[in-house]
Amino acid sequence: MNDNPQASTPEDQDGAVQGYACIQAYLPTLDNSPGVYRMLDADSRVLYVGKARNLKKRVSNYAKPTGHSGRIARMIRETASMMFLTTRTETEALLLEQNLIKQLKPRYNVLLRDDKSFPNILVSRTHGFPQIKKHRGAKKEPGSYYGPFASAGAVNRTLNQLQKVFLLRNCSDAMFESRTRPCLLYQIKRCSAPCVGKVSEAEYGALVGDAERFLQGKSTRVQETLAKEMAVASDAMEFERAAALRDRIRALTQVQQSQGINPRGVAEADVIALHMEGGQACVQVFFIRAHQNWGNRDYYPRVGADIDAAEVLQAFLGQFYGNKQPPRLLLLSHGIEDEDLMAEALSEKAGRKVEIAVPQRGEKAELVSGAARNARESLARKMSESATQAKLLAGLAEAFALDGPPARIEVYDNSHIQGTNAVGAMIVAGADGFLKSQYRKFNIKGDDLTPGDDFGMMKEVLMRRFQRLLKEDPDRQGDTWPDLLLIDGGAGQVSAVIQIMRELGVDSIPVVGVAKGVDRDAGKEEFHRPGQPAFALKHNDPVLYFVQRLRDEAHRFAIGTHRAKRAKAIGATPLDEVPGVGAARKRALLAHFGSAKAVSRAGLSDLKAVDGVSDSLAETIYGFFHEKG
């Protein structure tokens with residue numbers, strides 16, 4: 001790959017050349033290589049990233065003054081310079097294009113938002129009685145992985161159903177080893193209690209095998225086996241066992257009914273349908289694995305009013321599979337511009353053939369039609385919610401005398417117990433509602449803070465937040481700068497925040513304090529602005545409810561973050577502070593001695609006897625506790 005930045009703008013006698021003439025000036029420097037091009041504005045912000053089979057031919061299209069859509073014409077007018085990267089193949093250019101779009105988020109590209117990883121079900125192989133559990137992230141733990149599932153909820157529902165049918169444990173290995181009698185799950189027929197010997201390893205292994213066959217789409221065979229076992233038990237007058245098998249067959253039938261669409265002719269596919277309306281788009285993705293529907297998720301990529309479906313879907317596929325393993329088949333509602341090229345790129349990524357199809361008839365077309373209906377309905381709901389949100393933001397601007405509806409609202413709150421495990425929390429909301437991917441937590445670090453010093457905590461949080469913003473985006477060109485700060489507190493808190501903002505030179509951002517009224521009742525909130533008398537909104541004002549939701553969400557997030565920190569602190573032991581003692585050696589020491597206190601009292605020879613603890617480490621541990629004592 002060759003890098004040819006050409007970032008300096010071509011100039012003529014009149015200064016910087018813009019638009020069509022600017023693009024034309026680059027044509028003599030380009031050849032017919034495949035590659036990626038970037039269009040930049042006068043401030044060197046990337047407007048657009050595109051790929052080309054032939055860079056010279058592709059860029060020359062932009063140099064023509066006519067024949068462009070409104071979106072492309074605006075982009076050309078704003079172009080002040082271009083950058084180019086040549087590649088060996090067009091496939092390489094396609095992959096590079098999608099990586100750059102994700103990284104740079106150009107204004108004129110289709111952008112996929114909220115692109116998260118998906119959970120899987122893991123049948124662990126680290127124990128004689130395998131555990132079945134939810135897994136997200138890198139697949140490092142030994143075992144069999146089944147997925148992806150569309151959401152944690154879809155995984156939890158499936159795990160719940162699998163427990164009913166196959167009675168597999170979901171407890172941790174440590175919990176398993178510590179049991180002396182069956183837990184509640186055994187009592188309610190959700191587990192076979194292998195922890196206390198209620199089932200042999202061979203019998204439990206058979207249950208695991210059945211569960212895996214079900215996850216592989218072989219549920220009919222599992223049902224037939226269970227039915228035969230029930231008949232044998234009944235003939236042998238083992239009525240209790242026959243009843244238990246009958247209950248498992250019923251549970252398995254309920255599982256199959258709850259899954260809805262279970263295609264017979266499609267073993268593995270992602271069904272991807274697009275609906276566009278009013279300059280907005282919704283992409284619905286259904287996950288079909290082992291002939292089973294493993295859930296669906298909707299996405300709302302950023303698009304323009306004059307962009308076509310082929311470009312939207314192609315951009316979506318490139319970004320969606322940037323960090324995911326594609327299935328063997330993609331069923332699309334619309335054709336894309338470079339179907340062969342995309343299939344080649346995805347096949348290269350997967351290490352096997354990936355097929356792309358736009359079915360016109362049969363079961364596959366029915367699957368796409370169902371996904372398209374979901375996309376249409378989801379977008380209608382989203383547009384309705386967006387209209388309501390726009391009205392609320394406009395009402396908020398009017399109530400707080402803002403220059404216009406805020407695109408980004410940041411709400412801050414603190415949580416602690418008498419100053420311990422203190423955390424600050426920031427939530428973000430805007431035209432699309434709560435932007436949870438942009439929430440932030442702040443572990444309060446100030447050593448000079450007195451317990452319960454809410455002013456000091458807020459100062460630390462805001463200093464850290466805005467010092468980082470000033471470092472990352474000093475010119476405030478991005479979308480990470482807030483248009484409004486909401487603070488939990490009254491006039492005193494607002495004055496303190498304004499002082500902090502002045503110190504940082506960012507006091508132009510409006511600040512509003514939200515304080516409970518005299519009775520501290522929801523609905524009687526008072527609002528405080530710098531230099532203005534406190535005021536209240538009408539009890540039934542939708543803007544009041546909106547602010548209450550914002551404040552409550554910030555409080556919920558702060559409390560949850562504080563509880564997580566406190567729980568982690570409670571679970572900590574002095575062993576965490578010993579140099580050279582990681583998680584594995586900590587487990588070995590606790591298993592050997594029973595408690596951290598016993599480790600602290602152990603003699604040097606006893607410490608050396610622990611598996612995995614070398615003589616030098618034993619001396620380090622012994623010295624750590626005895627020097628402290």
*When rounded to the nearest 0.5 angstrom, what distance separates CG in L329 from CG in D270?*
9.0 Å
*Which heavy atom of I23 sits nearest a heavy atom of I76, and at what distance?*
CD1-CG2, 4.0 Å
*asked:* Any heavy-atom pair between the side chains of L95 and E348 that's under 4.5 Å?
replied: yes
*Applying side chain to side chain contact (heavy atoms under 4.5 Å, CB included), run through R297 and F286 and close with a yes or a no.*
CA-CA 7 Å; R297 185 179 288 187; F286 277 76; over 6 Å; no
*Establish, yes or no, whether a centroid distance under 6.0 Å links the rings of Y26 and Y37.*
no
*Please determine, by modelled atom types, if Q163 and R169 share a side-chain donor-acceptor pair under 3.5 angstrom.*
no
_I want to check a possible cation-pi pair here: K324 against F320, using under 6.0 Å from ring centre and within 45° of the ring axis as the test._
yes
*Show the numbers, then the answer: is there a side chain to side chain contact (heavy atoms under 4.5 Å, CB included) between L330 and L346?*
CA-CA 10 Å; L330 305 183; L346 294 178; 3.6 Å; yes
*asked:* So which atom in A309 and which in M276 form the shortest heavy-atom distance, rounded to 0.1 Å?
replied: CA-SD, 3.8 Å
*asked:* I need the Q438 CD to M426 CE distance, nearest 0.5 Å.
replied: 7.5 Å
*Could you tell me whether the side chain of W481 and the main chain of D473 form a donor-acceptor pair under 3.5 Å?*
yes
*Exercise: identify the closest heavy-atom pair between V123 and P130*: CG1-CB, 4.1 Å
_Would you say the rings of F129 and F176 are close, in the sense that their centroids are separated by under 6.0 Å?_
yes
_Worked check of salt bridge (Lys or Arg N to Asp or Glu O under 4.0 Å) between E410 and R408_ = CA-CA 7 Å; E410 293 185 357; R408 180 185 176 97; 2.9 Å; yes
*Side-chain H-bond candidate by donor/acceptor type, H127 with E177, under 3.5 Å*: yes
_Ring-face cation of K382 near Y300 (centre distance under 6.0 Å, axis angle within 45°)_ = yes
*For S124 and E141, test the side chains for any donor-to-acceptor distance below 3.5 angstrom and give the result as yes or no.*
yes
*Assess the side chains of Q98 and Y321: does a donor N or O sit below 3.5 Å from an acceptor N or O?*
no
*Would you say L274 and V312 make side-chain contact, with heavy atoms under 4.5 Å?*
yes
_I want to check something: taking the side chain as every heavy atom from C-beta on, are N54 and D31 in contact at a cut-off of under 4.5 Å?_
no
*Look up atom CG in N99 and atom CD in Q319, then write down how far apart they are to the nearest 0.5 Å.*
10.0 Å
*Please round to the nearest 0.5 Å and tell me the distance separating atom CG of L168 and atom CG of L207.*
6.0 Å
*asked:* Between R381 and S378, do the side chains contain a donor N or O and an acceptor N or O under 3.5 Å apart?
replied: yes
*Ion pair present between K353 and E355, side-chain N to carboxylate O less than 4.0 angstrom?*
no
*State yes or no: are the ring centers of F166 and Y204 separated by less than 6.0 Å?*
no
*Test item: side-chain donor near acceptor, D432 and Q389, under 3.5 Å*: no
*If you measure from OG1 on T91 to CZ on R53, what distance do you get to the nearest 0.5 Å?*
9.5 Å
*Do you know which two heavy atoms are closest between P119 and R136, and how far apart they sit?*
CD-NH1, 3.8 Å
_Is it the case that the side chains of R107 and Y48 hold a donor-acceptor pair, with the cut-off being a distance below 3.5 Å and no angle test?_
no
*Mind checking the CG-CD spacing from L40 to E78? Nearest 0.5 Å is all I need.*
12.0 Å
_Intermediate values then yes/no, salt bridge (Lys or Arg N to Asp or Glu O under 4.0 Å), E311 and R71_ = CA-CA 13 Å; E311 184 178 350; R71 178 177 68 101; 3.2 Å; yes
*Are side-chain N/O atoms of Y146 and E212 paired as donor and acceptor at under 3.5 Å?*
yes
_side chain to side chain contact (heavy atoms under 4.5 Å, CB included), that's the test. Do L30 and F84 meet it? Break it down for me._
CA-CA 9 Å; L30 300 176; F84 304 93; 3.8 Å; yes
*So do the side chains of L332 and V271 get within less than 4.5 Å of each other, counting heavy atoms only?*
no
*Of the non-hydrogen atoms in V285 and F316, which two are nearest, and what is the gap between them?*
CG2-CZ, 3.8 Å
*asked:* Tell me if the centroids of the rings in Y62 and Y20 come within less than 6.0 Å of each other.
replied: no
*Would you indicate whether the side-chain heavy atoms of K64 and N61 approach each other to under 4.5 Å?*
yes
*For the residue pair K364 and V266, establish whether any side-chain heavy-atom pair is separated by less than 4.5 Å.*
yes
_side chain to side chain contact (heavy atoms under 4.5 Å, CB included) against E203, all qualifying residues, sequence neighbours excluded_ = V199, S200
_Any donor-acceptor pair under 3.5 Å linking the side-chain atoms of R190 with those of N170?_
no
*Minimal non-hydrogen separation, T87 against A93, with atom names*: OG1-CB, 3.5 Å
